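Computed from a predicted model, the values in this text were never measured in an experiment.
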Amino acid sequence: MTSASFDAEFPVARPRRLRRGPALRRLVAETRVLPENLILPMFVKEGLTSPVPISSMPGQVQHTRDSLRKAARDAVEAGVGGLMLFGIPEHKDSVGSQADDPNGVVQAALRDLAAEVGDDIVVMADLCLCEYTDHGHCGPLEEDGHVNNDLTLERYASIAAAQAEAGAAVVAPSGMMDGQVGAIRAGLDRAGFPQVPILAYAAKYASVFYGPFREAAEGAPRFGDRSGYQQDPANVRESLREVALDVAEGADMVMVKPGLAYLDVVAKVAQSSPVPVSAYQVSGEYAMIEAAAEKGWLDRERAILETLTSYRRAGAEQILTYWATEAARLLR
């Protein structure tokens, strides 16, 4: 017998009874977003003397190392669960050599954050090459312009070790190369970091919603696009396969990116994944809500909280969002 067999009918059944007042609605809410569910993506750029506003993401900046530390401390005080660090170097080359340079911008910033807030929040490092290569793709190229998958795996393993050495508590490979999780796990273990978890961008789509991020991270491809390695937005079975492969290779957590247009994917991954599931509220989502709010077309704070709730309702246990600090304060 199903639970529906016990349902009363109107007028005995009146679902609106449980919606009568904010305190009662809070009491019976099925889905809750907590500050510790949130992860704040942050950008640090080498050579800056003051933070640089990101025009397509109002309220967000490319940080100096000093402003990064302050923003990280603000996130801790708000109760945010994690930070995800992206770096922009002064000098780029074909293989992204600054990505694993011990003195590179991300490694320097990771050391800062580990010392400043490492005991209070989970410091994570995005692991990719698009911000570091002069061509803007996520790995070294073959002669025909395609990314060389297996050579890229060698670079990713080296970057993971450098990030762990600098203090990253979690590394997060986002390049969507075949075999990247296994290569990174082996690289971390060889380097003496078997305790460092991998948050795999397991289902990352070739999405138009990354547009503002490419200004923020200065990592737009100089030619072509990333459809040859990121997923086709039309596919969902492929995501489940990618997640299963990453878990089999040693992923400790998996991510779906973007989120809002892919909540069906988040839900399917959450139903099948044996490890925690994250989702990324990407730059385009942020920019759309900020632009609509600036026009007076919607209530900004309600839109932020409603979208975050939708992520949690779909099954995301962690949410990467540029509103993490502000939302954490609202939630508290």
Any donor-acceptor pair under 3.5 Å from Ser158 side chain to Glu154 backbone: no

Heavy-atom closest pair, residues Ile159 and Cys128: CD1-O, 4.3 Å

Intermediate values then yes/no, side chain to side chain contact (heavy atoms under 4.5 Å, CB included), Leu68 and Leu113: CA-CA 8 Å; Leu68 184 79; Leu113 293 180; 4.0 Å; yes

Common cluster, Leu245/Val181, ILVMFWY with side-chain heavy-atom separation under 4.5 Å: no

For the student: nearest non-hydrogen atoms of Ser283 and Met57, plus distance: CB-SD, 3.7 Å

Test item: side-chain donor near acceptor, Ser239 and Tyr205, under 3.5 Å: yes

Co-membership, hydrophobic cluster, residues Ile39 and Ile289, 4.5 Å side-chain: yes

Point-to-point distance, once rounded to the nearest 0.5 Å, from CD of Glu301 to CG of Asp299: 6.5 Å

Neighbour count above 12 (heavy atom, 6.0 Å) for Lys268 NZ: no

Distance-only polar pair, side chains of His137 and Tyr229, donor-acceptor under 3.5 Å: yes

side-chain hydrogen bond (donor to acceptor under 3.5 Å, both in side chains) partners for Ser207, two or more places apart: none

Same apolar cluster: Tyr132 and Leu48, side chain cutoff 4.5 Å: no

Pair Gln281-Leu260, side chain to side chain contact (heavy atoms under 4.5 Å, CB included): steps then yes or no: CA-CA 7 Å; Gln281 187 172 50; Leu260 201 59; 5.7 Å; no

Backbone of Ala200 reached by a side-chain donor or acceptor of Asp246 within 3.5 Å: no

Non-hydrogen side-chain atoms of Val256 and Ser278 separated by less than 4.5 Å: no

pair Pro276-Gln318: side-chain heavy atoms closer than 4.5 Å: yes

Which atom of Ser174 lies closest to which atom of Lys204, heavy atoms considered: O-NZ, 3.1 Å

Hydrophobic cluster identity match, Val247 and Val277, side-chain contacts under 4.5 Å: yes

Glu306 CD: over 12 foreign heavy atoms closer than 6.0 Å: no

Leu141 side chain near His146 side chain, heavy-atom distance below 4.5 Å: no

Leu110 vs Val123 side-chain heavy atoms within contact, under 4.5 Å: yes

side-chain hydrogen bond (donor to acceptor under 3.5 Å, both in side chains) partners of Tyr156, counting only residues at least two apart: none

Asp126 side chain to Tyr201 side chain, donor-acceptor N/O pair below 3.5 angstrom: yes

What donor-acceptor contacts under 3.5 angstrom involve side-chain atoms of residues 213-222, with partners at least two apart or in another chain?
from: Glu215; atom 1: OE1; to: Ser55; atom 2: OG; distance (Å): 3.2
from: Glu215; atom 1: OE1; to: Ser56; atom 2: N; distance (Å): 3.1
from: Glu215; atom 1: OE1; to: Ser56; atom 2: OG; distance (Å): 2.5
from: Glu215; atom 1: OE2; to: Ser55; atom 2: N; distance (Å): 3.0
from: Glu215; atom 1: OE2; to: Ser55; atom 2: OG; distance (Å): 2.9
from: Glu218; atom 1: OE2; to: Lys45; atom 2: NZ; distance (Å): 2.8
from: Glu218; atom 1: OE2; to: Gln62; atom 2: NE2; distance (Å): 3.0

Contact summary for Leu320 and Pro41, nearest pair of heavy atoms: CB-CG, 4.3 Å

Side-chain heavy-atom pair Met42, His63 within 4.5 angstrom cut-off: yes

Residue among Arg300, Lys295, Gln60 satisfying side chain to side chain donor-acceptor pair (under 3.5 Å) with Glu290: Arg300

Shared-cluster residues of Trp297, by chain and number - hydrophobic side chains joined below 4.5 Å: none

Derivation and outcome, salt bridge (Lys or Arg N to Asp or Glu O under 4.0 Å), residues Glu249 and Arg185: CA-CA 8 Å; Glu249 290 175 21; Arg185 182 73 271 155; over 6 Å; no

Short side-chain to backbone donor-acceptor contact, Arg155 and Pro140, under 3.5 Å: no

Contacts of type side-chain hydrogen bond (donor to acceptor under 3.5 Å, both in side chains), residue Asn235, not counting sequence neighbours: Glu238

Between Ser310 and Thr307, a side-chain donor and acceptor under 3.5 Å: no

From Arg312 atom CZ to Leu38 atom CG, the distance as rounded to the nearest 0.5 Å: 9.5 Å

Heavy-atom check, side chain of Leu240 versus side chain of Val269, under 4.5 Å: yes

Heavy-atom pair of closest approach, residues Val254 and Ser273: CG2-OG, 3.8 Å

Side chain to side chain donor-acceptor pair (under 3.5 Å) pairs, two or more places apart, involving residues 10-36: none

Euclidean distance, Glu116 CD relative to Ile121 CD1, rounded to 0.5 Å: 11.5 Å

Candidate pair Asn37 and Leu308, rule side chain to side chain contact (heavy atoms under 4.5 Å, CB included), full reasoning: CA-CA 10 Å; Asn37 298 137; Leu308 292 175; over 6 Å; no

Short side-chain to backbone donor-acceptor contact, Asn149 and Asp178, under 3.5 Å: yes

From Ile319 atom CD1 to Leu34 atom CG, the distance as rounded to the nearest 0.5 Å: 10.0 Å

Side chain to side chain contact (heavy atoms under 4.5 Å, CB included) evaluation trace for Met255 with Leu199: CA-CA 7 Å; Met255 186 196 301; Leu199 166 55; 3.9 Å; yes

Pair Glu285-Trp323, side-chain donor/acceptor within less than 3.5 Å: no

Tyr322 with Leu330, same ILVMFWY side-chain cluster at under 4.5 Å: yes

Test item: Val196 and Val170 side chains (from C-beta on) under 4.5 Å apart, heavy atoms: no

Ser227 versus Asp225, side-chain donor and acceptor atoms under 3.5 Å: yes

Asp93 side chain to Ser97 side chain, donor-acceptor N/O pair below 3.5 angstrom: yes

Tyr280 side chain near Tyr262 side chain, heavy-atom distance below 4.5 Å: no

Atom of Ala13, atom of Ala8 and distance for their closest heavy-atom approach: CB-O, 3.4 Å

Residues Asp74 and Thr325: side-chain donor-acceptor under 3.5 angstrom: no

Gap between atom CG of Leu129 and atom OG of Ser94 - 0.5 Å precision: 10.5 Å

Point-to-point distance, once rounded to the nearest 0.5 Å, from CG of Leu85 to CG of Leu127: 11.5 Å

